[in-house]
Amino acid sequence: MIDKHLNDDEIQQYVLQKAAPGVDIVKHIESCRICKIKAEQYSMLFEGIQQQEKPAFDFDLADFVIKQLPQSQHKVSNDKLFFYFIILISAFSLSIFFYFFGNSLFNLFKGIAPILIATIITAVICLFIFLCFDMYRKYQTQMKTLNFY
Amino acid sequence: MNNQNKNNLTDQILVEKVLRSDTNAFKVIIKNTEGLVTQIVSKMIPGGEDRKDIAQDIYLKAFQKLGSFKFESKLSTWIGQIAYNTCINHLAKKKLLLIENHNDEDKSDDETLVIMNEKNNPFNSETEKIIFNKELSEILKREIDKLSPVYRTLITLYHNEELNYSEIAEITGLPEGTVKSYLFRARKTLRNNLLFTYKKEAL
């Protein structure tokens, strides 16, 4: 038989009876006043927890959510529309710019050495990739925080 | 056919109906899982004001992500997972502590607590037991509220919703061992605090 007092974990397991307690544990609890009281207290505690009133909302959750569903779908489609609108505006602005200033832009780079142009283009592409990557990383972090699942 | 298979089949039928724009099927899902979601939200979120918005947010997320549900778990567990994560995010935004350090040793040594409460032991007679049950329920409610949100939720999921360790681990995203350890600590803290408060009120 176990001589020293059982620890709380053993007593909790004994009371919960999730696994068959060992004979030593049962014998100890039967003969030890302290552990027996502890087991009774845990048993009372678990009974008390189970008897606690179940919380409930003071409104009809199902009706409340169902009312919001069409609005939510509408919002998603609005977001998509906005995204396409931004792309359209950007494409339109670029076309206008190249249409009116295309030649000036070509002349601007005409007198510059090819190595300089290559340096400028490489720097711009690197910067662009870095900014896109950074923006995507921030977007992922924010989505994780806002819509964590 | 066992219960797990039956649940999966019902879940599958309901999800397919919702994906075919049947909002009534989603209403059935809400009714089936409302109890679990209410328990998680009310245990995780201290104030009543935000609970309505959070509960709504949980189901809107579930509705939007339902297409990605893989039936690897019960639908209720999956929605419970969304509920728990939504609450965790809410608490994180409000910078509220998820798990506090409950220092049991400060209150009293364990054996002393048992002996001190032996005189007030509710098991002495049936009448005392009935009176104690009423008092206990009140004190217990207060003591559960004093626990940290995660401990409160774990206790509720295990003892009230009668979920097993693996289901709780799935909902909370905690390893099963951590769930067991947190539950053990929560129960011990609750027992010690309960005895301490009861002893104080009995004097």
Side-chain angles (χ1 to χ4, degrees), chain A residues 4-16 18-19 32-77 79 142-149, chain B residues 23-24 26-28 30-31 34-35 37-39 41-43 48 51-52 55-56 58-61 63-65 81-82 85-86 88-89 92-93 110-111 113-115 117-118 121-123 129 132-133 136-137 139-141 144 155-156 158-160 162 164-165 183-184 187-188 190-191 194-195:
Chain A
K4 58 178 184 177
H5 290 308
L6 299 177
N7 61 39
D8 279 71
D9 196 14
E10 287 168 323
I11 295 178
Q12 284 184 19
Q13 292 310 318
Y14 168 80
V15 177
L16 287 169
K18 287 285 166 189
C32 173
R33 188 173 55 93
I34 300 283
C35 291
K36 196 175 181 184
I37 292 171
K38 253 180 149 181
E40 284 171 345
Q41 286 168 346
Y42 271 119
S43 168
M44 194 76 168
L45 172 69
F46 299 159
E47 212 176 292
I49 294 171
Q50 279 167 347
Q51 282 166 5
Q52 290 289 301
E53 206 179 311
K54 277 203 165 191
F57 289 120
D58 54 1
F59 59 92
D60 191 325
L61 182 60
D63 281 348
F64 185 62
V65 173
I66 296 294
K67 275 180 201 161
Q68 309 295 319
L69 290 183
Q71 276 180 21
S72 157
Q73 282 170 330
H74 186 63
K75 196 171 170 275
V76 172
S77 64
D79 286 350
Q142 279 172 350
M143 283 309 285
K144 213 173 172 184
T145 314
L146 288 170
N147 196 22
F148 188 84
Y149 168 66
Chain B
T23 45
N24 276 333
F26 195 63
K27 204 171 181 177
V28 175
I30 298 175
K31 291 280 179 200
E34 196 179 349
V37 169
T38 312
Q39 285 278 26
V41 173
S42 39
K43 294 295 177 251
R51 286 179 186 165
K52 191 176 179 178
Q56 180 199 322
I58 291 163
Y59 282 109
L60 289 180
K61 274 184 194 169
F63 183 74
Q64 282 162 3
K65 289 169 186 286
Q81 203 176 1
I82 297 177
N85 287 331
T86 307
I88 289 276
N89 281 329
K93 274 181 217 161
D110 209 33
E111 205 167 305
L113 263 178
V114 174
I115 296 162
N117 281 278
E118 202 183 354
N121 191 5
F123 311 99
K129 198 175 174 177
F132 182 79
N133 268 340
L136 175 88
S137 188
I139 301 170
L140 187 58
K141 194 177 179 307
I144 291 175
I155 287 276
T156 304
Y158 189 87
H159 291 279
N160 298 98
E162 292 173 356
N164 58 39
Y165 292 123
L183 265 169
F184 160 71
R187 290 180 196 125
K188 191 179 176 189
L190 204 53
R191 174 189 157 266
L194 194 68
L195 292 179

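All values below were derived from every heavy atom in this structure, side-chain atoms included, with hydrogens, water molecules and symmetry-related copies excluded.
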Legend entry - Donor-acceptor under 3.5 Å (N160(B) side chain, I49(A) main chain): yes

Inset, instruction - Quick one: which of P55(A), G48(A), A56(A) has the most heavy-atom pairs under 4.5 Å with chain B, could you say? - result: P55(A)

Legend entry - Under 3.5 Å donor-acceptor, Q56(B) side chain and F64(A) backbone: no

Legend entry - L16(A) side chain near R187(B) side chain, heavy-atom distance below 4.5 Å: yes

Inset, instruction - Would you name the heavy atoms of A55(B) and L61(A) that are closest together and state the gap between them? - result: CB-CD1, 3.7 Å

Legend entry - Within-4.5 Å side-chain heavy-atom neighbours: R191(B) and D8(A): yes

Inset, instruction - Can you measure from OG1 (T23(B)) to NZ (K67(A)) and round to the nearest 0.5 angstrom? - result: 13.0 Å

Inset, instruction - Please state whether the side chain, the backbone, both or neither of T38(B) comes within less than 4.5 Å of a heavy atom of chain A. - result: both

Legend entry - pair H159(B)-Q52(A): side-chain heavy atoms closer than 4.5 Å: no

Inset, instruction - Find the distance between CG (L45(A)) and CG (L190(B)) and round it off to the nearest 0.5 Å. - result: 5.0 Å

Legend entry - Test side-chain contact (heavy atoms from CB on, under 4.5 Å) applied to K188(B) and Y42(A), step by step: CA-CA 9 Å; K188(B) 191 179 176 189; Y42(A) 271 119; 3.8 Å; yes

Inset, instruction - Check whether D60(A) gets within reach of chain B through its side chain, its backbone, both or neither, counting any heavy atom under 4.5 Å. - result: side chain

Inset, instruction - Could you grab the distance from atom CD of E47(A) to atom CG of L140(B), nearest 0.5 Å is fine? - result: 11.5 Å

Legend entry - Minimum side-chain heavy-atom gap D63(A)-K27(B) below 4.5 Å: yes

Legend entry - Structural part of Q12(A) lying under 4.5 Å from a heavy atom of chain B: side chain

Inset, instruction - Give a yes or no on this: more than 12 heavy atoms of other residues, nucleotides or ligands lie within 6.0 Å of atom CD of Q50(A). - result: yes

Legend entry - Contact winner vs chain A - K52(B), E34(B), Q39(B), heavy-atom pairs under 4.5 Å: K52(B)

Inset, instruction - Measure distances from K31(B) to the heavy atoms of chain A and classify the residue's part below 4.5 Å as side chain, backbone, both or neither. - result: side chain

Inset, instruction - Answer yes or no for R51(B) and F57(A): cation-pi contact, defined as NZ/CZ to six-membered ring centre under 6.0 Å and angle to ring axis within 45°. - result: no

Legend entry - Closest non-hydrogen atom pair, L60(B) against L69(A): CD2-CD2, 3.6 Å

Legend entry - Pairwise side-chain contact, Y59(B) with Q68(A), heavy-atom cut-off 4.5 Å (strictly under): no

